[in-house]
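When reading the values below, keep in mind they use all heavy atoms of this one structure, side chains included, and skip hydrogens, waters and symmetry mates. The sequence lines fix the lettering, A, B, ..., with proteins before strands; numbering per chain opens at 1.
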Amino acid sequence: MKTYRADLHLHTVLSPCADIVMIPPIIVQEAVSSGIHILAVTDHNHTANIEAVQKAARGYDLAILAGMELQTAEDIHLLCIFDSVEQARTLQKTVDEELPEILNNPDYFGAQFIVDETGDFIRSEERLLLNSTSLTLKSAIDHVHALHGLAIPAHVDRQAYGLLPVLGIFPPDLTYDAIEVYKHSDPSNVTCLSSYPTGIPVIQNGDAHFSNDLLGACYFIIENPTTEEFRKAFRGEDGRSVSLYRGIDNPRRGS
Amino acid sequence: MKLFDIAQKLDLHQFTHLEVDSVDESTSAYCSDMLSCVMTGAGHHAIWVTLQAHQNIVAVAALLELTAIIISENALPDAVTIEKADQEGIILLGTTAKNFEVCGKLWELGLRSS
């Protein structure tokens, strides 16, 4: 068993709200120098830059998981995390069908760049990714689980796109694997989540839109960086565990 | 105004299976799609206008003892939500009209903020 430091919520230049420096080599460099071993690439409603980050991470002790931050019909952000790009691409097909055909206006929202592993421009995604799909939260979670992925509602306590402000209370019928609290919240004070379901682990990630946003607050004790191991860690099975530590806001200051 | 008359004038259809006739007069309404705002903003016995059709709308409405929910923009509650509303006595009404239009019509009928 090994301790892995992880950040499971990260944006690249494909997300219109992300900084232009969020290209694969810089992301990898920041993660490695911060002592992070696992990243999940989770752009808004899209998966096209995952492989580029995976290629940029080759040769480093850094695992890149394939993810997406899906926006549900209720305006809730859901982290969807998979082991392989193929699984993420399958979800992408569904999302493509369920995302409105509204074009991005880069002047308002920002550019949506698909890049290679060096960060070189390949093409722009034309459709606005900052939009709600017509998938309900429940159906989105079902899709993710059917693909053997992890479904984690993002920044549940954040006013914008957080599950709690949008839905008021935790729905009783959801089967998410963990919940993520907002990066600016105190994770030890989750009692503010009054309808919080017991037994669901709380994690916290950087939701990095800028290169110094990486948090690496999740410490997994697992065999290897796979979603199956994460799932066991969330459930506390077979000696696996996850704990949060953020003594400092920017992990680089401590390294 | 009686909910029955409101439903008729706004051409609302009912998802639930409750007796609309028996409901007392409603004088106030509230509109928001963020349930956390509804929980702090809507008054007792108000009619709530929202495009959210998630199951939690029933829990919030029951908590606040709201009279009915008008679900706008053709959003469709699922069977579980409707069943729960039937159990809780929360009338779910539906329309293709947008929030703004529904609120405007309710205002014209004399309803005011809760």
Side-chain angles (χ1 to χ4, degrees), chain A residues 70-78 98-100 102 130-145 151 153-176 179-182 184-185 189-197 200, chain B residues 15 29-44 46-88 90 92 94-100 114:
Chain A
L70 189 154
Q71 189 168 320
T72 72
E74 301 92 343
D75 260 15
I76 292 168
H77 283 176
L78 178 72
E98 307 289 343
L99 189 67
I102 295 171
L130 285 181
N131 223 332
S132 289
T133 64
S134 50
L135 293 167
T136 64
L137 179 61
K138 190 170 188 308
S139 67
I141 290 172
D142 288 346
H143 271 93
V144 172
H145 284 162
H155 40 67
V156 293
D157 51 335
R158 197 184 77 177
Q159 190 74 6
Y161 307 110
L163 185 151
L164 274 177
V166 174
L167 290 186
I169 48 176
F170 281 99
D173 62 332
L174 295 183
T175 53
Y176 27 67
I179 60 169
E180 180 199 70
V181 293
Y182 189 28
H184 297 305
S185 299
N189 191 27
V190 289
T191 49
C192 64
L193 313 175
S194 57
S195 59
Y196 171 68
I200 304 279
Chain B
F15 294 113
Y30 181 87
C31 177
S32 176
D33 301 320
M34 290 196 85
L35 276 63
S36 57
C37 295
V38 181
M39 286 166 80
T40 54
H44 288 317
I47 294 173
W48 171 23
V49 183
T50 181
L51 51 73
Q52 292 278 9
H54 189 275
Q55 193 186 323
N56 272 21
I57 61 175
V58 177
V60 169
L63 183 76
L64 298 175
E65 296 174 25
L66 301 182
T67 300
I69 307 172
I70 300 179
I71 302 171
S72 63
E73 299 208 25
N74 212 22
L76 301 174
D78 63 20
V80 177
T81 305
I82 294 169
E83 192 187 331
K84 209 172 162 197
D86 277 331
Q87 287 167 5
E88 296 285 348
I90 305 292
L92 301 182
T95 174
T96 55
K98 294 176 168 57
N99 279 351
F100 181 74
S114 56

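Judged purely by atom type and a 3.5 angstrom limit, B:Asn56 has no side-chain atom pairing as donor or acceptor with the backbone of A:Gly168. Judged by distance alone, with hydrogens and angles left aside, the side-chain atoms of B:Gln55 form no donor-acceptor pair with the main-chain N or O of A:Pro171 at under 3.5 Å.
Closest heavy-atom contact between A:Glu74 and B:Gln52: O-NE2, 3.2 Å. Shortest non-hydrogen contact noted between A:Gln159 and B:Met34 is O-CE, 3.1 Å.
Here CG of B:Leu35 is found 8.0 Å from CD1 of A:Ile169. Values are rounded to the nearest 0.5 Å. Taking OG of B:Ser36 as the reference point, atom CG of A:Asp157 lies at 11.5 Å (rounded to 0.5 Å).
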- Item | Evaluation steps, side-chain contact (heavy atoms from CB on, under 4.5 Å), between B:His54 and A:Thr136 | CA-CA 8 Å; B:His54 189 275; A:Thr136 64; over 6 Å; no

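Proximity to chain A is absent for every atom of B:Asp78, based on heavy atoms less than 4.5 angstrom apart.
Atom NZ of B:Lys84 is surrounded by more than 12 heavy atoms from other residues, nucleotides or ligands within 6.0 Å.
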